Amino acid sequence: MKKIILILGLILFNLDVFAKDEKPGRFFEDQPDVSDDYQIHFIYMLDKDGKDNEWDINGEMEKELLELNEKMFELTGNKQKYKFDYREDGKLDISFVRLDKKGIKKGWNNSYPDYFIQKLGFNNPKKLYYSWVDFKHQMVVRWECTLVILFF
């Protein structure tokens with residue numbers, strides 16, 4: 001009887017965490033494409049118990065990415081921008097992913113998030129997937145810092 005109560009409790013807890021992630025304007029999968037061209041799709045990623053700062057739905061992430069794209073345009077003499085994945089409503093297509101593990105466990109290093117998003121279906125060969133990671137770990141660096149180093 002104790003095992004049944006424990007199992008039911010875990011199931012209800014996990015459903016509660018998922019329900020808290022469901023918010024207006026949030027997408028858990030890649031939305032229909034407006035272009036068949038190669039493009040960059042963005043993922044707002046949290047660890048299992050991570051605090052949701054809502055970067056995917058509050059406009060901050062999109063604002064920073066669009067500013068980055070304008071800087072790229074400027075640096076290339078107004079000739080080139082990154083090809084971002086957009087939704088039909090004209091906004092950036094940003095998906096939400098919460099990892100099923102707390103942090104990154106020993107043995108997986110930085111490979112686990114990549115494995116996890118592929119398992120969720122983020123594996124379109126014409127897309128490059130960038131995860132905007134919102135959790136702390138000694139090996140994880142937010143990807144936009146890497147882009148800043150490469151292009152500024």
Side-chain angles (χ1 to χ4, degrees), residues 3-35 38-72 81-152:
K3 286 184 182 180
I4 293 173
I5 292 172
L6 178 63
I7 291 170
L8 287 174
L10 288 172
I11 290 170
L12 290 174
F13 174 76
N14 285 332
L15 290 175
D16 185 47
V17 168
F18 181 73
K20 288 179 186 174
D21 289 339
E22 288 187 19
K23 298 180 180 181
R26 177 165 280 169
F27 300 98
F28 295 90
E29 54 191 36
D30 193 355
Q31 297 303 292
D33 292 329
V34 294
S35 169
Y38 290 91
Q39 52 197 318
I40 302 170
H41 182 83
F42 297 98
I43 297 171
Y44 175 51
M45 182 181 289
L46 299 176
D47 70 0
K48 183 177 180 180
D49 301 321
K51 180 183 176 208
D52 183 2
N53 291 306
E54 301 182 350
W55 292 351
D56 58 327
I57 56 177
N58 68 12
E60 287 300 315
M61 187 173 159
E62 182 173 26
K63 179 183 167 197
E64 285 189 35
L65 291 167
L66 293 176
E67 286 175 8
L68 171 80
N69 216 8
E70 288 304 314
K71 190 65 174 176
M72 178 66 171
K81 288 185 177 185
Y82 293 109
K83 294 179 183 177
F84 290 164
D85 187 7
Y86 287 92
R87 301 187 316 232
E88 292 174 345
D89 64 2
K91 294 193 174 272
L92 277 182
D93 187 3
I94 302 171
S95 299
F96 178 86
V97 169
R98 184 178 291 277
L99 294 174
D100 61 349
K101 296 177 182 267
K102 184 175 172 78
I104 301 191
K105 299 292 183 187
K106 187 175 182 179
W108 279 103
N109 299 324
N110 286 335
S111 302
Y112 185 73
D114 184 46
Y115 161 78
F116 189 75
I117 64 171
Q118 287 183 43
K119 186 173 76 167
L120 293 176
F122 295 101
N123 54 13
N124 184 327
K126 284 191 147 185
K127 292 194 178 181
L128 186 60
Y129 294 94
Y130 278 104
S131 294
W132 190 288
V133 181
D134 192 8
F135 59 89
K136 294 181 181 178
H137 185 274
Q138 64 187 7
M139 297 298 291
V140 175
V141 177
R142 283 181 47 195
W143 73 269
E144 73 274 15
C145 295
T146 305
L147 288 178
V148 170
I149 292 169
L150 291 173
F151 296 108
F152 293 96

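Counting begins at 1 with the first residue of the sequence. Computed from a predicted model, the values in this text were never measured in an experiment.
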**Item:** Trp132 side, atom CH2; Glu60 side, atom CD - distance, nearest 0.5 Å
**Value:** 9.0 Å
**Asked** Got a second to check how far Leu92's CG is from Glu62's CD, nearest 0.5 Å?
**Response** 4.5 Å
**Prompt:** Which value, rounded to the nearest 0.5 Å, describes the distance between Ile94 atom CD1 and Leu65 atom CG?
**Reply:** 6.0 Å
**Item:** Pairwise distance CG(Asp134) to NZ(Lys51) - rounded to 0.5 angstrom
**Value:** 8.5 Å
**Message:** Between Asn58 and Asn53 (side chain of the first, backbone of the second, donor and acceptor by atom type, cut-off under 3.5 Å), is there such a pair?
**Reply:** yes
**Request:** Of all the heavy-atom pairs spanning Lys127 and His41, show the shortest one and how long it is.
**Result:** CD-CB, 4.1 Å
**Message:** For Ser95, is there any backbone N or O sitting under 3.5 Å from a side-chain donor or acceptor partner on Asp56?
**Reply:** no
**Item:** Any side-chain donor near an acceptor of the partner, Tyr38 and Asn124, under 3.5 Å
**Value:** no
**Message:** Between Asp100 and Tyr112, is the side-chain contact (heavy atoms from CB on, under 4.5 Å) condition met? List the steps.
**Reply:** CA-CA 10 Å; Asp100 61 349; Tyr112 185 73; 2.3 Å; yes
**Prompt:** Roughly how far, to the nearest 0.5 Å, is CE of Met61 from CG of Leu66?
**Reply:** 11.0 Å
**Request:** Write down the atom of Phe28, the atom of Phe122, and the distance for their closest heavy-atom approach.
**Result:** O-CZ, 3.8 Å
**Message:** Between Tyr130 and Ile43, is the side-chain contact (heavy atoms from CB on, under 4.5 Å) condition met? List the steps.
**Reply:** CA-CA 6 Å; Tyr130 278 104; Ile43 297 171; over 6 Å; no
**Request:** Would you check if the side chain of Gln31 reaches a backbone N or O of Phe27 as a donor-acceptor pair within less than 3.5 Å?
**Result:** no
**Prompt:** Looking at Glu54 and Arg26, does any basic side-chain N land under 4.0 Å from a carboxylate oxygen?
**Reply:** no
**Request:** Look at the side chain of Arg98 and the backbone N and O of Leu46, then say whether any donor-acceptor pair between them is shorter than 3.5 Å.
**Result:** no
**Request:** Fit a plane to each ring of Trp55 and Tyr44, take the angle between them on a 0 to 90° scale, and name the class: parallel (under 30°), tilted (30 to 60°) or perpendicular (over 60°).
**Result:** tilted
**Asked** Is it true that atom NZ of Lys119 has more than 12 heavy atoms of other residues, nucleotides or ligands lying nearer than 6.0 Å?
**Response** yes
**Prompt:** Between Phe84 and Phe42, does the ring centroid distance fall short of 6.0 Å?
**Reply:** yes
**Prompt:** Would you say the side-chain atoms of Arg87 pair up with the backbone N or O of Asp93, donor to acceptor, closer than 3.5 Å?
**Reply:** no
**Request:** May I ask you to decide whether Asp33 forms a salt bridge with Lys126, counting only side-chain N to carboxylate O separations under 4.0 Å?
**Result:** no
**Distance in Å, Met45 CE paired with Phe96 CZ, rounded so as to fall on 0.5 Å steps** = 10.0 Å
**Message:** Please evaluate residues Tyr129 and Asp30 with respect to the criterion side-chain contact (heavy atoms from CB on, under 4.5 Å), reporting the C-alpha separation (whole Å), side-chain torsions for both, the decisive distance (0.1 Å), and the verdict.
**Reply:** CA-CA 11 Å; Tyr129 294 94; Asp30 193 355; 4.2 Å; yes
